[in-house]
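What follows is one structure encoded as structure tokens, with my remarks underneath.
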There are 4 protein chains.
Amino acid sequence: MEATSTLANDPWRHDDIRSTFADVRRQSELLTAPLAAEDCVVQSMPDVSPTKWHLAHTTWFFETFILGPYAPGYRSFNEAFAYLFNSYYEGAGPRHSRPQRGLLSRPTVQEVFDYRRYVDQRLQDLLDAPPSAHRAAIMERAEIGLHHEQQHQELLLMDIKHVFSRNPLLPAYRPSAGDATMTEARIPALDWMSFEGGLVEIGHAGDGFAFDNETPRHKAYLEPFRLARRPVTNLEYIDFIEDSGYRRPELWLSDGWHAVQAEGWQAPLYWQRKDDRWMQFTLHGQRPASTTEPVVHVSLYEADAFARWAGHRLPTEFEWETAAITEPVEGNFLSDETFHPRAVSASHTQLYGDIWELTQSSYGPYPGYRPLEGTLGEYNGKFMCSQNVVRGGCCLTPRGHVRTTYRNFFYPHQRWCAQGIRLAADAR
Amino acid sequence: MEATSTLANDPWRHDDIRSTFADVRRQSELLTAPLAAEDCVVQSMPDVSPTKWHLAHTTWFFETFILGPYAPGYRSFNEAFAYLFNSYYEGAGPRHSRPQRGLLSRPTVQEVFDYRRYVDQRLQDLLDAPPSAHRAAIMERAEIGLHHEQQHQELLLMDIKHVFSRNPLLPAYRPSAGDATMTEARIPALDWMSFEGGLVEIGHAGDGFAFDNETPRHKAYLEPFRLARRPVTNLEYIDFIEDSGYRRPELWLSDGWHAVQAEGWQAPLYWQRKDDRWMQFTLHGQRPASTTEPVVHVSLYEADAFARWAGHRLPTEFEWETAAITEPVEGNFLSDETFHPRAVSASHTQLYGDIWELTQSSYGPYPGYRPLEGTLGEYNGKFMCSQNVVRGGCCLTPRGHVRTTYRNFFYPHQRWCAQGIRLAADAR
Amino acid sequence: MEATSTLANDPWRHDDIRSTFADVRRQSELLTAPLAAEDCVVQSMPDVSPTKWHLAHTTWFFETFILGPYAPGYRSFNEAFAYLFNSYYEGAGPRHSRPQRGLLSRPTVQEVFDYRRYVDQRLQDLLDAPPSAHRAAIMERAEIGLHHEQQHQELLLMDIKHVFSRNPLLPAYRPSAGDATMTEARIPALDWMSFEGGLVEIGHAGDGFAFDNETPRHKAYLEPFRLARRPVTNLEYIDFIEDSGYRRPELWLSDGWHAVQAEGWQAPLYWQRKDDRWMQFTLHGQRPASTTEPVVHVSLYEADAFARWAGHRLPTEFEWETAAITEPVEGNFLSDETFHPRAVSASHTQLYGDIWELTQSSYGPYPGYRPLEGTLGEYNGKFMCSQNVVRGGCCLTPRGHVRTTYRNFFYPHQRWCAQGIRLAADAR
Amino acid sequence: MEATSTLANDPWRHDDIRSTFADVRRQSELLTAPLAAEDCVVQSMPDVSPTKWHLAHTTWFFETFILGPYAPGYRSFNEAFAYLFNSYYEGAGPRHSRPQRGLLSRPTVQEVFDYRRYVDQRLQDLLDAPPSAHRAAIMERAEIGLHHEQQHQELLLMDIKHVFSRNPLLPAYRPSAGDATMTEARIPALDWMSFEGGLVEIGHAGDGFAFDNETPRHKAYLEPFRLARRPVTNLEYIDFIEDSGYRRPELWLSDGWHAVQAEGWQAPLYWQRKDDRWMQFTLHGQRPASTTEPVVHVSLYEADAFARWAGHRLPTEFEWETAAITEPVEGNFLSDETFHPRAVSASHTQLYGDIWELTQSSYGPYPGYRPLEGTLGEYNGKFMCSQNVVRGGCCLTPRGHVRTTYRNFFYPHQRWCAQGIRLAADAR
């Protein structure tokens with residue numbers, strides 16, 4: 001866990017899978033540099049996985065889906081790891097119970113790093129000289145494995161943030177001397193982008209990498225709609241809170257209102273009232289909630305209630321994609337090392353990066369959807385029920401990982417993802 | 001609870017709201033004729049309400065939304081009933097906890113009937129001579145109230161079926177001498193109806209009654225698709241079971257597989273293995289599962305797994321509506337007094353009646369959806385999250401209640417609704 | 001359930017088991033006279049059983065332990081009842097899950113009465129002409145069965161009180177016109193009876209009936225002690241409440257303090273704060289808590305905390321028995337039809353009747369204890385863990401049922417028994 | 001966590017509190033020598049605390065009860081620790097929720113060691129020159145604090161054993177090359193010691209240290225009894241298992257039978273069936289259950305059921321004390337570094353050490369019991385409900401810590417203490 005951060009580099013912009021592999025793998029380890037061994041063990045809720053579990057699971061992925069089937073004579077580092085570090089792949093055999101990941105003090109962090117070394121070496125060897133019969137499969141799976149590891153880089157940070165937030169000492173992942181985002185700029189008035197709708201094309205097509213859930217590209221019909229030019233800010237969200245937003249059932253979905261009461265929600269996750277101000281726990285530690293930053297760590301329920309309170313609604317994922325296709329995939333990503341969304345401004349829509357944007361769309365299959373063959377088909381398809389789509393990536397997403405067509409998804413009560421709100425409305 | 005059944009009549013085909021009111025109200029009471037007072041008290045799970053609760057709640061609806069606001073000088077029958085019999089209307093004040101409805105031995109069934117008499121009399125008086133300023137509102141709300149009561153007629157039967165099923169004595173709601181559906185006819189081969197898709201119009205328009213969730217009528221784009229000409233039968237579902245359907249995780253949505261394991265599901269709700277045959281609990285008591293009847297009381301999870309096993313998929317609600325618009329709204333409904341789906345046949349598609357048909361569509365708002373004004377706006381809108389749409393009505397649905405555009409909805413784990421499976425497929 | 005009450009008679013004072021049998025059996029049914037059929041179905045918590053379950057279970061007891069083994073050619077009324085109405089006798093086979101007793105609408109109350117008729121007739125016949133080989137066993141078991149039924153008479157009232165208390169309508173089991181106990185007499189100062197302790201004899205000996213848990217009679221050594229001459233009153237308990245008794249952890253056992261916080265206890269069960277007074281739900285309905293009545297429906301935890309607050313302690317069961325042996329077994333019992341403890345006075349200690357008196361003694365076996373042979377050995381012995389002994393009977397206990405050596409027992413968190421507090425102290 | 005073990009020394013045999021203090025404190029740290037930092041974080045169930053929590057809590061004890069009140073000008077090491085490391089002392093203010101101790105990755109193990117250094121230094125200074133007004137209080141509390149720390153030494157080992165047992169890798173705390181106890185000696189026949197009973201004296205008296213719960217010394221009357229000369233062995237317990245002990249409800253207390261079914265118990269904690277033999281997880285890792293060793297890690301329920309199956313019973317704590325007073329307090333304790341009970345033999349009764357011996361006695365106050373004044377009074381007294389007494393210490397108990405009158409206590413379902421079974425019987 002001693003390492004020099006090279007987060008500022010973009011580990012993905014390579015045409016050589018071999019060096020990308022080295023970069024992405026190294027990047028995961030760099031993220032653990034600020035952590036003590038003890039930090040890497042804790043599971044603060046069933047949704048969260050310990051840091052060292054992420055490091056081991058991503059390694060297991062390469063071992064299970066590439067080395068096992070394709071590396072001649074491969075011997076596993078430790079046979080028990082197949083059980084310990086399988087996440088949810090039924091086709092890969094039985095696995096350790098998810099809510100009990102935090103019970104495992106062993107393997108130690110050092111042993112997990114050794115495991116990574118072991119697998120990395122053998123995978124590099126295989127990439128250097130792949131058996132010709134399996135070359136395509138190996139390359140395809142290596143690419144998936146690296147996108148998978150990038151997803152876990154974001155999860156690792158989401159999760160350690162939650163772990164630290166449950167500790168009364170409120171440790172900071174990355175203490176920050178000055179805090180630029182605290183400069184309270186003027187918030188631009190809520191302005192709208194208008195779209196005509198009609199028959200549109202949705203989903204991924206073409207040569208670049210995409211997950212199966214982004215395909216096939218297909219037509220959809222949209223009514224004319226508008227999309228806010230910037231995300232909802234903390235200031236606006238505080239208005240909602242102060243207007244009794246969390247105490248007015250008429251603003252909420254029925255399930256959302258039950259969650260408010262069962263969980264005692266009074267503000268976004270990581271917010272705490274101190275004296276007369278709202279404090280927010282971040283990867284930089286606890287600090288006042290900046291009025292100009294996008295509100296983050298709200299559930300779909302809260303986003304929906306806020307939108308109703310504001311007289312608007314959440315976008316559908318198709319509306320979002322239709323709007324976002326017009327912009328370059330640029331924004332505040334992990335390699336910017338802000339670890340937090342940046343303040344809104346008049347000059348950027350922030351459609352990409354900063355915050356995942358909640359949509360009202362249930363996560364389901366596109367018409368004609370086919371999951372990948374075999375066990376890897378479990379990657380996305382089996383989750384297409386009861387979750388909602390979020391779009392655009394966030395400040396913890398590795399640069400280059402998301403696309404316009406990229407679909408991420410969470411249950412409507414979940415809040416530990418860095419997700420926020422962008423309003424939509426019917427055309428006037 | 002002594003009454004002569006007039007279920008064979010259609011209580012809805014009237015142009016006079018006043019006589020429809022009398023018919024629908026009487027119909028609810030007729031449904032209780034086979035029940036003892038003790039039967040009307042029990043709540044066998046939180047989703048279920050006691051029979052007398054249904055009788056009282058539907059009365060409360062008229063009292064709260066019509067008599068209270070519009071009947072000059074109206075005095076409530078019992079002020080405590082506003083608390084006891086409000087279901088989920090936050091705008092109508094606090095209410096008795098849903099899972100505790102079965103704790104109430106009082107009011108007795110007789111007192112609930114007295115309550116109905118009291119409200120019916122005053123509502124009839126109001127309908128006879130409505131104050132002109134409120135005539136339209138009264139008529140509109142009376143119509144909603146009657147559709148609402150029809151929904152509770154189905155719920156009353158769904159619920160008492162569940163209550164009886166939990167009793168080791170397995171009481172029959174309506175014992176049946178002969179059992180016509182047990183004549184095992186030949187099952188027609190699975191045949192398909194083909195549809196071209198393209199831009200279609202979905203949702204309700206025009207003068208007739210519809211719930212707000214069926215509006216506004218709007219365009220949608222569909223790929224070409226096929227829909228099975230008949231529902232899936234018990235025989236086909238038994239094939240799924242015997243092919244280890246409940247033990248093969250690759251067939252299931254992730255949440256569905258968790259449900260299978262947590263609940264120990266091995267067959268549809270109300271099925272029980274006895275010796276070498278599957279028995280099924282019905283409103284006529286327990287009997288062998290007829291091979292030719294549509295499978296019923298499966299969850300969305302089970303329907304989805306079955307469809308995957310069969311190599312097909314569930315329809316979307318738009319596909320279903322597009323297909324169903326071509327047929328008359330006819331079928332096996334409550335007034336047919338079968339209380340159970342009828343066997344499949346080559347001559348009927350059974351799109352309406354028999355079984356609610358599960359769709360893969362999440363229950364959400366149509367583009368431009370606006371709920372009703374005021375507290376009645378809670379009727380449908382606030383449930384638009386995490387549920388799936390079912391279509392077409394079932395054998396317990398009052399005749400005349402459903403429409404082509406009618407949307408009913410349940411959570412993906414729920415099974416006590418008389419819902420079944422119709423397969424869909426992409427066009428070849 | 002129409003019957004003339006003969007509660008004022010003492011059904012036990014007979015030398016003829018046959019007529020005692022008729023009296024006790026009739027007495028159970030008389031207790032249901034004020035109830036509607038609906039009241040007899042509800043189970044308001046797992047500890048509570050529905051009224052009709054009590055009526056059926058006591059009948060099952062005679063059927064299972066006498067008619068089955070000893071009545072030649074006996075055919076059961078309904079074979080399913082062996083499953084439905086077995087309470088906890090593992091030796092008598094599998095049984096319906098206790099927390100699901102309230103799911104059973106059938107058999108109806110009328111059918112349960114028919115069951116009672118059927119069994120009563122055959123048992124009377126057997127008692128008239130017992131086979132000589134089994135005469136002793138039949139008589140012994142009949143006697144146990146009648147004491148058992150008397151216990152269920154008290155439980156039936158405890159349970160219906162709880163059922164009614166959970167209904168916002170707060171129905172009264174026995175509405176009372178005037179309320180004699182509300183005449184607020186002067187409370188006698190707390191006075192003490194002193195006892196020398198030393199080697200004492202504890203437990204039952206001799207010819208009369210006793211349960212196995214009261215035997216064998218054995219020696220115990222007691223330090224000198226004092227016992228309060230009267231129970232703790234509502235007034236004194238209100239002082240405890242107002243002195244923040246429920247908010248001061250130092251007064252409580254650790255488990256008790258957890259219960260206070262988990263359950264939100266702020267007063268005894270059935271108490272409710274209205275404006276500036278404490279209301280108490282009774283079998284006569286809700287009414288102000290009389291200052292002069294003994295506090296009732298407190299848990300062992302609350303009794304222990306009160307005693308600590310008062311600077312004293314609870315008695316051991318041996319201290320209680322040593323004191324109570326000096327008094328006749330007289331007091332306010334069920335046949336007095338008060339259904340509630342009577343106010344304290346200077347003239348009566350109320351050691352018997354009114355309230356069960358909580359002791360600090362864990363319920364365990366006496367030295368040399370042997371349970372009854374066979375399945376009836378499960379009656380008492382298997383509960384000898386984690387419960388506390390209460391002594392003396394209460395206002396709902398049938399007259400003649402309790403003895404000086406009688407041991408009843410509840411878990412320390414339970415409150416639905418009519419139990420209260422008598423203070424003890426070490427000798428000065 | 002690098003240290004040379006000096007477990008073989010007896011850290012308590014000192015007449016100088018100051019050097020005892022240094023020894024006991026060092027001993028706690030030595031116990032962590034085999035552990036990685038990761039091991040010290042995990043809480044495998046609510047009863048278990050993380051290793052570093054034990055190290056910090058024992059330090060907090062000295063800080064809170066001695067340095068805070070008596071060290072002039074004492075400044076706490078970290079004010080937040082008062083919240084984090086208070087266990088259950090309500091009088092010492094609010095505290096971190098017990099089941100969430102495993103959520104704390106910070107303070108790190110190293111920081112906890114720093115905390116220990118800080119407090120140790122200041123306490124040594126205070127012991128060197130105590131203010132004369134508080135000298136007695138300081139010395140008394142230091143003595144309690146050291147006994148307290150010894151209790152946590154045992155808990156630390158109990159807890160890490162449970163932590164490791166939940167890890168599929170089954171790590172060993174202390175791998176052992178040879179395994180002496182596996183030499184299967186002959187098991188001596190079950191022989192009995194006889195005692196006359198009568199009036200006996202129970203509890204602590206005199207000058208030596210004792211906890212308040214061992215006082216006051218008082219008289220009790222015992223019937224003549226017998227006590228087994230050795231503990232029950234694994235072999236005998238396997239006989240119980242193979243005789244369907246875990247499937248015969250008639251052997252069990254009612255609560256015990258519920259635990260068997262709810263928890264799925266089929267053997268003692270840490271036992272696992274592999275092929276045709278029983279494996280046992282120990283601090284040396286997993287190994288076959290030695291037939292000659294005392295059975296360990298059974299609950300009170302299991303011990304009670306075993307005793308009933310064997311035709312005997314468990315002793316009362318007074319019987320145990322009466323028997324144990326005749327023997328020296330010698331046996332297999334922590335400093336013997338076996339970390340496991342030794343095999344039974346004909347030559348030793350093993351009344352002390354090896355296993356805590358379960359008694360049928362509920363943990364309650366002795367007649368005239370008074371807890372310590374102030375917050376330290378919470379140490380023992382508030383737990384006197386629903387737990388059972390165990391006696392004699394075990395292989396993880398520091399030598400010199402237990403006495404004949406020493407009372408330890410656990411809930412009847414708990415199994416993670418190294419407790420076992422010694423049979424008792426009435427005199428013939």
Side-chain angles (χ1 to χ4, degrees), chain C residues 88-91 197-202 216 218-225 248-258 300-301 304-305 308 313-314 316 318-319 360-371 374-375 377-378 380-388 411-413 426-427, chain D residues 88-91 98 197-202 216 218-225 248-258 300-301 304-305 308 313-314 316 319 360-371 374-375 377-378 380-388 411-413 426-427:
Chain C
Y88 56 66
Y89 294 87
E90 301 281 350
L199 264 187
V200 298
E201 297 268 332
I202 297 293
H218 64 285
K219 290 193 182 67
Y221 185 84
L222 301 183
E223 302 289 330
F225 68 97
R248 292 166 55 186
E250 72 271 18
L251 298 174
W252 294 78
L253 289 165
S254 179
D255 289 351
W257 184 242
H258 289 151
L300 183 276
Y301 296 138
D304 180 87
R308 189 166 292 110
R313 61 173 174 83
L314 298 180
T316 67
F318 293 171
E319 289 172 340
Q360 65 172 254
S361 297
S362 176
Y363 176 52
Y366 285 170
Y369 168 69
R370 292 286 175 280
T375 299
E378 298 185 46
N380 281 305
K382 73 182 182 183
F383 301 107
M384 290 179 172
C385 186
S386 302
Q387 307 205 45
N388 274 61
Y411 287 97
H413 68 279
D426 299 339
Chain D
Y88 56 66
Y89 295 87
E90 301 281 349
R98 178 182 183 113
L199 263 187
V200 298
E201 298 268 333
I202 298 293
H218 65 285
K219 290 193 182 66
Y221 184 85
L222 301 183
E223 302 290 331
F225 68 97
R248 292 167 54 187
E250 71 273 19
L251 297 174
W252 294 78
L253 290 165
S254 179
D255 288 353
W257 185 241
H258 289 152
L300 182 277
Y301 296 139
D304 180 87
R308 189 167 293 112
R313 61 172 174 81
L314 299 180
T316 67
E319 289 172 340
Q360 67 172 254
S361 298
S362 176
Y363 176 52
Y366 285 170
Y369 168 68
R370 293 284 177 278
T375 298
E378 298 185 46
N380 282 305
K382 72 182 182 182
F383 301 107
M384 291 178 172
C385 187
S386 302
Q387 307 205 45
N388 273 63
Y411 287 98
H413 68 279
D426 300 339

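Chain A is the first sequence line, chain B the second, and so forth, proteins listed ahead of strands; every chain is numbered from 1.
Of the atoms belonging to C:Trp257, it is side-chain heavy atoms, and not backbone ones, that fall under 4.5 Å from chain D. Proximity to chain D (any heavy atom under 4.5 Å) is restricted, for C:Gln360, to the side chain, taken from C-beta onward. Neither the backbone nor the side chain of C:Tyr363 comes within contact range of chain D; no heavy atom of the residue lies under 4.5 Å from a heavy atom of that chain. Proximity to chain D (any heavy atom under 4.5 Å) is restricted, for C:Tyr411, to the side chain, taken from C-beta onward. Only the side chain of C:Glu223 comes within contact range of chain D, with heavy atoms under 4.5 Å apart. Using a 4.5 Å cut-off between heavy atoms, C:Leu222 does not touch chain D at all. Heavy-atom distances place no part of D:Phe225 under 4.5 Å from chain C, backbone and side chain included.
With chain D as partner, the option from C:Gly381, C:Ser361, C:Pro249 having the largest number of non-hydrogen pairs under 4.5 angstrom is C:Pro249.
C:Arg313 meets the side-chain hydrogen bond (donor to acceptor under 3.5 Å, both in side chains) test with C:Glu319, C:Asp426; sequence neighbours excluded. In terms of the side-chain hydrogen bond (donor to acceptor under 3.5 Å, both in side chains) criterion, D:Tyr89 has no residue partners (sequence neighbours excluded).
Atoms OG and NE2, on C:Ser386 and D:His413 in that order, are 9.5 Å from each other to the nearest 0.5 Å. Note: D:Asp255 CG to D:Tyr301 OH = 4.0 Å, rounded to the nearest 0.5 Å.
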Verify side chain to side chain contact (heavy atoms under 4.5 Å, CB included) between D:Glu201 and D:Lys219, making sure each step is shown before the conclusion.
CA-CA 5 Å; D:Glu201 298 268 333; D:Lys219 290 193 182 66; 3.6 Å; yes
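Note: D:Tyr88 and C:His258 fail the aromatic proximity criterion, with ring centroids not under 6.0 Å apart.
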